[in-house]
Number of protein chains: 2
Amino acid sequence: MLNKRMEILKQLATEAPTKIVMLVIDGLGGLPDKDGMTELERAFTPNLDEIASRGETGLLEMVDVGITPGSGPGHLALFGYDPVEFTVGRGILEVLGTGGKVSRGDVCARGNFATWGVQDVILDRRAGRIETDKSRELVERLSEAIKEIDGVRITYYPGLEHRFSVVFSGDGLCDCVSDADPQKDGASMRWAEPLSEEGSKMADIVNKFIREARNVLDGEPKANGCLLRGFSGVPDIPHLGELYKIKPLGLASYPMYRGLASLVGMDVLEVENNPIKLIEELQARWDAYDFFYLHVKHGDSRGEDGDTLGKIKVIEEVDKVMPLLMELSPDVLVVTGDHSTPSRMKGHSWHPSPLVLLSPYVRPDGISTFGERDCARGSLGIIPAWKLMGLLLAHGRRLKKFGA
Amino acid sequence: MLNKRMEILKQLATEAPTKIVMLVIDGLGGLPDKDGMTELERAFTPNLDEIASRGETGLLEMVDVGITPGSGPGHLALFGYDPVEFTVGRGILEVLGTGGKVSRGDVCARGNFATWGVQDVILDRRAGRIETDKSRELVERLSEAIKEIDGVRITYYPGLEHRFSVVFSGDGLCDCVSDADPQKDGASMRWAEPLSEEGSKMADIVNKFIREARNVLDGEPKANGCLLRGFSGVPDIPHLGELYKIKPLGLASYPMYRGLASLVGMDVLEVENNPIKLIEELQARWDAYDFFYLHVKHGDSRGEDGDTLGKIKVIEEVDKVMPLLMELSPDVLVVTGDHSTPSRMKGHSWHPSPLVLLSPYVRPDGISTFGERDCARGSLGIIPAWKLMGLLLAHGRRLKKFGA
């Protein structure tokens, strides 16, 4: 099921004593604000600029021209999988990210506690963003009360605030059901519906679950019910280690990114949401792995909040720890994003992600600042993000020659 | 078996009274050395620079991002074939390059004379790089002694130093056998093994051949045995003439490049390894052909030797003959490489090849020096190498409009 390029890379992959670091600032790319500069361009980044001046720069087309990636596709691309061929549901990412176990045939879903009104109108899809502690208590109550439905076992994983996730395990399940979620506040509940014939059992179980949960939570002032969405099973994704003979580690503070990393076969480690801690953990694991994925969440979060200055600060914080990272002397370093999140748009966007790549084998391209428009003039040009992984392996001298 | 682009080009191809010259400096691309410049950037190339200033520049992605091409894939790409779809074994290239004849069903292999020790340990895979004359004598001896094995005819072609090639002709042969070669000195012989069920007869013949050759060569101080590798039959490649209505000629000093050229249907001519001779031969054949592939080998050889100054000299020698070439007034001229060979890496690399293209129909892009980083800023951008051929045909006014 590998495409031609992946097959070739797999055949060419060979071990080498090199260390590759992929530092992902979530939502890195942006758009010029009133002052004519993007967040990255405005940020004071002497260390990243210096790396750019010694490296090669370019842009990553995350999915395809004009397509705005979710975090899943953006990351799959960075990990070397064409996100149009390999898709991953949000439900399973949440479950994996909380350290949950999922087997083939299981179906995962993301849950929200929600405020239900009369006649199944959903008043607040996030139950007033209840506290995480409260949410955990409710998840526990549900897990005591609803252990299975029609022979299908249900496993629960608490999340932050109003969020949780569940895994349905049993025979004849299928992720081909629509979200049980009205999508907006004040609308009538939309129940799960089968998206194909095989989905009818699953839709039935989901809707029964939500009804039962409603009974269990009855009387709660805010979280008197729940919603489920993002139904997804285990995707058939070949692991990075098998493909490329690397031993990869993912370091991320947020569950979903550890989930993505473990889905492609990385060991994962939860780190504090703090670039210094991230580098400290990297230092501590340096000898045990040869590929390191480092994830910095808050570039995206601040962008989504429309907080331009906040996003700039996140980028500057990353820049400050670059000397610590460089002390480890990675053989190959790439700094980029998984998608753009212009704070002016308060959401993900389709704009390519700026990229800087450093190794002993670069042709420094005269770009000496790390910014979207600088990278657009870089010698790497615009490359499909899912091809970056092969380029990193090449720079790590981990690919043999193709053909005689 | 043509892909969509090739099908379209074939449909659009039309004859025209134009001459196209593709000058390939093998291993042209490089990496910056201590002085911060690549071999090409350091070379004094006033003529190529002048051509760049009147032409369009860019980079060729030979196979795909991060993939280091062998000479076969690099050249197939230059000739217009996606090297991921069209693959050619090394054995047949060697045979064709020495002027050998190969028919469908034959299997070719590259041979090395080698020094065998006791218990089939291979002491030296290259038999001390014996002299070419000695090697020829031994090939003759083998060809007298072993004319066939189990009804399979064997044809021999001498090569340079310890190298030779053979063609096996008979029924039921198959190139699906592993190399009969231990790959490193001091290791035990590795015999040919079938890679699929049809390969068992072939593996048997190959191993019998090597045993018999060992008997014939017994007593030779260095070349007392041989190894065979790169088993390959005639690939199914449509010829350039059929595809594009051109009459192509390949001029190269090295056998393999003439082999590649003849595989895609070029007439081929052996030329001295000297750019002036190359141009003289070009002049002599100018009226008889309309597409000319010129190959300069030593850019790669010097790069592989780590000889930066030597590589620079090769490039400068090519530059010196450019005025002679320009006197012929080719309608379309392209100068590029088949892959990069940075002398600092002493081998092929994945870095894109610099490219300059001149015709009356270019948009000169302000790049006035021919170098990797200059070309990276050129208006052609980074194009897949196998698409270059269509661009040359276009500039030669040899493609009709696509669609009404």
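Below, chains carry the letters A, B, ... as their sequence lines are ordered, and counting in each starts from 1.
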Considering only heavy atoms, which portion of A:Pro384 lies under 4.5 Å from any heavy atom of chain B: side chain, backbone, both, or neither? neither
Heavy atoms of B:Pro73 and A:Gly403 approach each other most closely as CG-CA, 3.9 Å
Considering all heavy atoms of both residues, which atom of A:Leu380 and which atom of B:Ile382 are nearest to each other, and what is their separation? O-CD1, 3.4 Å
Heavy-atom closest contact (B:Ile67 atom, A:Leu9 atom, distance): CG1-CD2, 4.1 Å
With a 4.5 angstrom heavy-atom cut-off, is it the side chain or the backbone of B:Val65 that approaches chain A, or both, or neither? both
Please flag which part of B:Leu76 lies under 4.5 Å from any non-hydrogen atom of chain A: side chain, backbone, both or neither. neither
Which residues pass the side chain to side chain contact (heavy atoms under 4.5 Å, CB included) test with A:Ile25, sequence neighbours left out? A:Leu28, A:Val318, A:Val335
Residue, of B:Pro32, B:Ala376, B:Gly89, that accumulates the most heavy atom pairs under 4.5 Å with chain A: B:Pro32
Distance-only check: which donor-acceptor pairs of chain A and chain B lie under 3.5 Å?
residue  : atom : partner  : partner atom : Å
A:Arg5   : NH1  : B:Asp64  : OD2          : 3.0
A:Arg5   : NH1  : B:Val65  : O            : 2.8
A:Arg5   : NH2  : B:Val65  : O            : 2.9
A:Pro360 : O    : B:Arg344 : NH1          : 3.1
A:Pro360 : O    : B:Arg344 : NH2          : 3.0
A:Tyr361 : O    : B:His351 : NE2          : 2.6
A:Arg363 : NE   : B:Gly30  : O            : 2.9
A:Arg363 : NH1  : B:Pro352 : O            : 2.9
A:Arg363 : NH2  : B:Gly30  : O            : 3.2
A:Arg363 : NH2  : B:Ser340 : OG           : 3.0
A:Arg363 : NH2  : B:Pro352 : O            : 3.2
A:Pro364 : O    : B:Arg373 : NH1          : 2.5
A:Lys387 : NZ   : B:Asp64  : OD1          : 3.0
A:Lys387 : NZ   : B:Asp64  : OD2          : 3.4
A:His395 : NE2  : B:Trp350 : NE1          : 3.4
A:Phe402 : N    : B:Thr68  : O            : 2.7
A:Phe402 : O    : B:Gly70  : N            : 2.7
A:Ala404 : O    : B:Ser71  : N            : 2.9
A:Ala404 : O    : B:Gly72  : N            : 2.9

Can you tell me which of A:Gly366, A:Pro364, A:Gly378, A:Pro360 forms the most heavy-atom pairs within a distance under 4.5 Å of chain B? A:Pro364
Heavy-atom pairs under 4.5 Å with chain A are the metric here; pick the option from B:Gly381, B:Pro352, B:Gly230 that has the most. B:Pro352
